[in-house]
Amino acid sequence: MKRFSASSMRSFLGFSFLSICGVIAHGTPPSSSSWVSSNNRQHPISLDDPSVDDVDILTGSQFHGLKTFGNLPYVKCFSDEEAACKKYDIAILGAPFDTAVTGRPGARFGPTGIRVGSQRLAGFDFYTDEDALHDWATIVDCGDATLTWLDNTVAFKQLDKAHRVISGRPTANDTVAAVPRILMLGGDHSTTLSALRSTYRRWGQVSVIHFDSHIDTWNPDVLGGNISHYAGINHGTFLHIAHEEGLIRNTSIHAGLRAPINKRSDRINDKRCGFSVITARDIDKHGIDWIISTIKARVGDSRVYISVDVDVLDPAFAPGTGTSEPGGWSTRELLTIIDGLRGLSVVGADVVEVSPAYDNSGETTVLAAAQVGLSLVSLMVAKPVRD
Ligand SMILES: *[C@@H]1O[C@H](CO)[C@@H](O)[C@H](O)[C@H]1NC(C)=O
Ligand SMILES: *[C@@H]1O[C@H](CO)[C@@H](O)[C@H](O)[C@H]1NC(C)=O
Ligand SMILES: *[C@@H]1O[C@H](CO)[C@@H](O)[C@H](O)[C@H]1NC(C)=O
């Protein structure tokens, strides 16, 4: 077999490549006149058919390369060398972790699932007529953080570091944004704690807009059985811990709540952690516009972190998750609410608790999660936040 060097391969393929930081980045698309006309087929196509050289193999299909979120470029954000020359304004980061769940496991496969569900997120949004993934901001997929599945204490440190490194890089468009923002793909919900530590480090306290069917402010002494410190840090307590660590403001809000709680103590504790509540059924009583304006009034002009647990959706729309609760919102309702938050200063966001093993063959959950991810990125693009 003949071996090709990289450069002979490039000339063999017949493209002129630009080299950015030593990495092949772009090709020149073929001229349209060189395509083989379908009503003028040549049978058989000869092995050295020159028109093969002119076929575009770089653009034009959702099925190409490796699966990144929305087919965005993959950048090794943890490599100092690569990050120095491939700068970004918004980073997608996977957090494949699910050893702090109380229900069904499997969210460690969530980032991969969401990426698979995101392959058709392309082009101009039907409602806004904007292409958020290809606007002023350079958006890249950093792949997944390295997280051990054997020791949660170590895994949280790894994720803390991943956020710290990625948000500490210089931005691509430094006239608009000084600090890169992160959309995290979970992972069980405990991964949000690392994200909030990171936004606190870069931006100070944030108001959390928490889309979920559960409060997630449970006292670790209550959820986790009070058996050990290790057990207390889990996907139902991370907002309590975020409050204790001083990461979040008392202008935070839950949206879509409906799961059972121990009314007396849990609700008092929830308020103490800085949250007000919009229930799932408030949508029937007050409508979507009320939900949007209530969220906006609550957070005011503070910096905002948006966390979307996919179980805020009804199990009909998102079966692939760890702790399903009937009676949730539809995908369309959730998207309208999130898109209604344009104008808020979103400094970080996530979509979490996606467990593809419980999804269906139509991939309902990962498609919904990917669309939610796009809406979250669109909010960041719509409102740059400086310093
Ligand atoms: C930075 O963003 C601004 C405003 O959105 C845009 O006009 C400008 O072209 C961008 N600059 C670069 C280098 O992308
Ligand atoms: C948790 O355990 C500690 C002792 O290990 C005890 O002091 C505390 O009261 C317990 N909390 C609850 C809520 O049971
Ligand atoms: C938040 O806390 C501050 C001071 O700690 C207080 O003045 C303010 O009223 C609180 N806001 C809410 C919405 O609870």
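Computed from a predicted model, the values in this text were never measured in an experiment. Counting starts at 1 for both ligands and their atoms, in listed order.
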- Task: Determine whether Ile182 and Tyr88 make a side-chain contact, defined as any pair of heavy atoms from C-beta on separated by less than 4.5 Å.
- Result: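 Counting from C-beta outward, Ile182 and Tyr88 never come under 4.5 Å.
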- Does a sphere of radius 6.0 Å around CZ in Arg267 hold more than 12 heavy atoms from other residues, nucleotides or ligands, not counting ones at 6.0 Å or beyond?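 Atom CZ in Arg267 is not crowded, with 12 or fewer foreign heavy atoms closer than 6.0 Å.
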Is it true that the side chains of [X] and [Y] contain a donor and an acceptor less than 3.5 Å apart?
| X | Y | value |
| --- | --- | --- |
| Asp174 | Thr171 | no |
| Ser302 | Ser207 | yes |
| Arg332 | Ser330 | no |

- Query: Side chain or backbone of Arg298 under 4.0 Å from ligand 3, or both, or neither, by non-hydrogen atoms?
  - Reply: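 Looking at Arg298 and ligand 3, just side chain atoms fall under 4.0 Å.
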- Measure the distances from the heavy atoms of Arg249 to every atom of ligand 3 and state whether one is below 4.0 angstrom.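 Distance cut 4.0 Å: Arg249 fails for ligand 3.
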- Amino acids in close contact with ligand 1, where any non-hydrogen atom sits under 4.0 angstrom away: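 Its neighbours under 4.0 Å (heavy atoms only) are Trp136, Asn173, Val176, given by chain and number.
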- Message: Tell me which one of Phe211, Phe238, Phe97 satisfies ring-ring contact (aromatic ring centres under 6.0 Å, His included) with His189.
- Response: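 That would be Phe238; it is the only one of Phe211, Phe238, Phe97 passing the ring-ring contact (aromatic ring centres under 6.0 Å, His included) with His189.
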- Task: In plain terms, say whether Arg342 and Glu130 are close enough for a salt bridge, that is, a side-chain N and a carboxylate O under 4.0 Å apart.
- Result: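 Between Glu130 and Arg342 there is a salt bridge, with a charged N closer than 4.0 Å to a carboxylate O.
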